[in-house]
Amino acid sequence: MAELGRAQWELGGDPLGLRHARGWLMALGAALVLLGLCASANLLLATIATIYYVGAMMLVGGLLQIVHAFGTRKWGSAGLWTLSGLLYLLAGLSAFLDPLFAAALLTLLLAVSLGVSGLLRLWMAFGTEVAGRGWVAVSGIASIVVAAVIGLAWPVATLWILGLILAVDLLFQGVALLIVGLSMKASSAR
């Protein structure tokens with residue numbers, strides 16, 4: 001199946017039906033690059049925007065869990081869903097009320113998560129016979145180094161790290177969409 005999909009692209013096919021949306025892809029790519037540049041120009045503002053986004057998603061998640069609690073048939077289950085929803089609502093509200101504190105917590109959680117995932121990848125690379133285990137080890141070491149950099153710079157990193165991640169993500173997405181759009185133009189010219 002994968003070979004069929006690859007053959008369609010190589011023969012100039014359009015398996016995802018994106019060719020007609022080439023202009024929109026390029027416009028979206030350019031907009032994302034512009035947003036990434038704006039975010040990189042003010043990392044503190046981008047960090048706060050990230051926290052507000054996470055807070056809004058937690059509020060929505062909390063409300064959905066509470067609504068779901070009313071649909072459950074057992075009181076114990078409904079109580080757990082309601083409690084979980086209320087905790088999500090509380091976390092979402094705290095993100096809006098004190099975004100810098102929320103950023104500090106998320107930055108610390110990011111450092112811990114990166115460190116643990118790096119250690120797990122190192123354990124997998126050296127503890128198993130997996131193909132490409134050298135690359136798995138390198139990625140584990142890279143995650144541990146990034147975790148150490150963030151952890152050692154914490155809490156000062158709170159002010160810029162989440163904004164930097166947002167800026168880099170927006171830039172990479174934008175460039176990728178621009179490249180896809182440009183490659184469609186080049187392949188349709190053949």
Side-chain angles (χ1 to χ4, degrees), residues 16 18 21 23-69 80-122 135-136 138-182:
L16 300 177
L18 294 175
W24 285 106
L25 283 174
M26 292 183 65
L28 178 60
L32 289 174
V33 167
L34 183 62
L35 287 171
L37 291 173
C38 289
S40 66
N42 191 341
L43 294 178
L44 176 61
L45 186 61
T47 294
I48 292 172
T50 301
I51 293 301
Y52 283 156
Y53 176 76
V54 169
M57 294 301 105
M58 292 185 91
L59 288 173
V60 170
L63 289 174
L64 290 175
Q65 286 184 5
I66 291 171
V67 168
H68 174 71
L80 288 175
W81 281 106
T82 303
L83 179 61
S84 178
L86 289 173
L87 289 174
Y88 258 74
L89 285 175
L90 182 65
L93 285 174
S94 69
F96 280 98
L97 295 176
D98 194 353
L100 292 179
F101 177 71
L105 285 178
L106 282 177
T107 303
L108 187 59
L109 180 64
L110 175 66
V112 169
S113 298
L114 284 170
V116 169
S117 79
L119 288 172
L120 288 174
R121 277 183 267 143
L122 279 178
W135 288 109
V136 174
V138 167
S139 76
I141 291 169
S143 289
I144 292 169
V145 168
V146 170
V149 168
I150 293 171
L152 292 173
W154 190 83
V156 176
T158 296
L159 300 175
W160 57 268
I161 194 69
L162 298 175
L164 178 66
I165 291 169
L166 174 66
V168 169
D169 183 59
L170 288 169
L171 286 169
F172 272 89
Q173 283 187 67
V175 169
L177 289 176
L178 284 171
I179 290 171
V180 168
L182 289 171

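These numbers were taken from a predicted model, which means no experiment stands behind them.
The ring-ring contact (aromatic ring centres under 6.0 Å, His included) pairs that include a residue from residues 81-117 are Tyr52-Phe96, His68-Trp81, where partners are two or more places apart or lie in different chains. Among residue pairs with one or both ends in residues 161-171, those qualifying as side-chain hydrogen bond (donor to acceptor under 3.5 Å, both in side chains) are Asp169-Gln173; sequence neighbours excluded.
Counting all heavy atoms, side chain and backbone alike, Met26 lies closest to Gly181 at CG-CA, 3.6 Å. Taking every heavy atom of both residues into account, Ala91 and Met58 meet most closely at CB-CE, 3.4 Å. Across Gly29 and Leu178, no two heavy atoms sit closer than the pair C-CG, 3.9 Å. Closest approach of Gln65 to Ser84, counting heavy atoms only: OE1-OG, 2.5 Å. The shortest heavy-atom contact between Ala147 and Ala111 is CB-O, 3.2 Å. Taking every heavy atom of both residues into account, Gly36 and Ala167 meet most closely at O-CB, 3.6 Å.
If you take CG on Leu114 and CG on Leu119, they are separated by 11.0 Å, rounding to the nearest 0.5 Å. Rounded to the nearest 0.5 Å, atoms CD1 (Ile144) and CG (Leu122) are 4.5 Å apart. With values rounded to the nearest 0.5 angstrom, Ile165 atom CD1 is found 12.0 Å from Leu170 atom CG. The OG atom of Ser94 sits 6.0 Å away from the CG atom of Leu90 when rounded to the nearest 0.5 Å. Separation of atoms CG (Leu106) and CD1 (Ile51) is listed at 4.5 Å; rounding is to 0.5 Å. How far CD1 of Ile48 is from CG of Leu166: 12.5 Å, rounded to the nearest 0.5 Å.
Leu159 places none of its side-chain heavy atoms less than 4.5 Å from the side chain of Thr47. Put simply, the side chain of Leu44 reaches to within 4.5 Å of the side chain of Leu100, judged on heavy atoms. Here the side chains of Val146 and Ile150 are in contact, with some heavy-atom distance below 4.5 Å. For the pair Val175 and Val33, the minimum side-chain heavy-atom distance is below 4.5 Å. Between Leu86 and Leu89 there is a side-chain heavy-atom pair separated by less than 4.5 Å.
Without hydrogens or angle criteria, Ser143 side chain to Ser139 main chain gives a donor-acceptor distance under 3.5 Å.
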